[in-house]
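What follows is a set of notes on a single structure, which appears directly below.
Read the numbers this way: they start at 1 and go in the same order the structure lists the ligands and their atoms.
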Amino acid sequence: MKIAMAASEAAPFIKTGGLGDVMQALPEALGLLEGNEVCLFLPYYGQIKRDKRWNCEFITSFAIQLAWRQCHVGLFRLQSDSLSYQVYFVDNEQYFDRNPIYGHLDDGERYAYFSKAVLACLNYLDFRPDVIQCNDWQTALIPVVLHGEFRGSFPATKTIFTIHNIEYQGWANSNFNYDVLGLPPSFNDSLRYGDATNFMKAAIVTADAVSTVSETYARELQYPYYSHGMSEVLIQRAGTFFGITNGIDTAVFDPSASPNIPFHYDVNSMAEQKAKNKVKLQEELGLAQDPNVPLYVIVSRLAGHKGIDLLCYICHSLMTRPVQLAIVGTGEAQYEQALSSLAWQYQGRMVVKLAFDPGLADRMYAGADAYLMPSRSEPCGLSQLIAMHYGTIPVVHATGGLQDTVLPYDPTTGEGRGFTFQSYNGEDFLYAIDRSMSLYYDDRAAWNRLAQNDMQLDVSWTIPAQSYMEMFKKVTGLS
Ligand code: GLC
């Protein structure tokens, strides 16, 4: 199958969140499947352009119209022998030489431009995909522009719109089509939401299929509590709305080989080696060095929706227990301050590093006993998958992808993956931590078996890539 993908970020080129990880691993997994031809389009941000690691070949340049604007499009191709897919970069310095990459007043115009340019580039390359897979609001206009301007060039191409984050939807004022997009007025209905323009809503009603990154989240999004105003339109797509749980790149996240981890391990050496990693980590973080105290960690953006509010609420109670707590991340000032002052109060037992540090994150996953993820809502979540792959037992709020991937531990059968709580409140969260702590102290053999079970779970992209192919086949009618 011929598959084109488009996104506003992808590791290792540029990444601000989980979307970047997915857009690294999913194209690779699809590209490895027999019979697939995959390409990925990204903006040629200044940060990528100036990065000496990437050698790019100039292919062509031309102009496209954005209503009354004539805009430059430069098309570059990554030179690489190691990827299973082609990477193309769309160059326009006026739009993409920005730091940070998001959060500018003209973001709507920038990504409307990108969406149009991707289709124009596919057309130039004479690559007629069977499907174009678009991700989040930044590429949400591709299905709309395909219908409005490029149908003649791509008569059989189907579009899939994948939701990773429903909170950012691409809002613009009501004359956006007239002023920027330049599609016929007959498209105003699809683009309009209330008295404004909403890119995501336009994709949901226009794409041939819609997907999100777990089955539970696909169900949750049909309720107003989770959907940020999109439940009505999503319910109308119910027959062609898919939930496919993400995987992780197990070549990148590998406790038996990662250069960041002092003592490598596999499922058999897990118990001894993790204990050594823990002591090293305790030393690095300034915690009391003790292999027999359970170390709970969090690697996260410090934001309310990640459940950091619950964590702050239970922290004093948690610190009355015989545990250690380490947190790494940056985020909202109120949480940075609250957690720092708590860590100061509980020195030696609790520590907070206000940093974005992938190396340290890797050592945290490797050295910790348990991983806390009390997110209020979570489309999929990748951290709990990494934790399980590292034999670090997750304690999570049973929502979205967390509910699908962390089945509750059953002490009588030994089945399950971790500890969960159902309602979003501090007492329930603390109770889940207490249950995990009891297992750690009362039955270390069972704890280790649970960690080993988690390590053996297949969290790679192999299974999800098959599910994406099933979805593509349903939508295209191809086999
Ligand atoms: C977003 C979601 C996260 C998901 C990721 C990749 O960051 O918040 O749950 O895992 O996208 O799909």
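- Only the side chain of Asn246 comes within 4.0 Å of ligand 1, judged by heavy-atom distances.
- At under 3.5 Å, not a single nitrogen or oxygen of Lys306, backbone or side chain, sits near a nitrogen or oxygen of ligand 1.
- Under a 4.0 angstrom heavy-atom cut-off, Asn165 registers as lying outside contact with ligand 1.
- The closest non-hydrogen atom to atom 1 (C) of ligand 1, taken over His164, Gln384, Met23, comes from His164.
- Between Trp447 and Tyr440, the ring-plane angle classifies as perpendicular under the 30° and 60° cut-offs.
- Summarising the contacts of atom 10 (O) of ligand 1 with Gly401, Gly381, Gly18, Gly400, the nearest heavy atom is found in Gly381.
- Judged by the 6.0 Å and 45° rule, Lys49 forms no cation-pi pair with Phe89.
- Relative orientation of the Tyr88 and Phe41 rings is parallel, given thresholds of 30° and 60° on the angle between their planes.
- Ring orientation note: the planes of Phe419 and Tyr409 are tilted relative to one another, at an angle of 30° to 60°.
- Ring-plane geometry between Trp54 and Phe13 is classed as perpendicular, the angle between the planes exceeding 60 degrees on a 0 to 90 degree scale with a lower cut at 30.
- Ligand 1 places these atoms under 4.0 Å from at least one heavy atom of Val22: 6 (C), 12 (O).
- For the pair Arg110 and Phe114, the cation-pi test (distance below 6.0 Å, angle within 45°) is failed.
- Comment: Glu332 does not engage Arg301 in a salt bridge, judged by the lack of any side-chain N to carboxylate O separation of less than 4.0 angstrom.
- Listed by number with element, the atoms of ligand 1 under 4.0 Å from a non-hydrogen atom of Val213 are 12 (O).
- Between Cys380 and ligand 1, at least one pair of N/O atoms sits closer than 3.5 Å.
- Atom 9 (O) of ligand 1 has Glu378 OE2, 2.5 Å as its closest protein atom, hydrogens excluded (heavy atom only).
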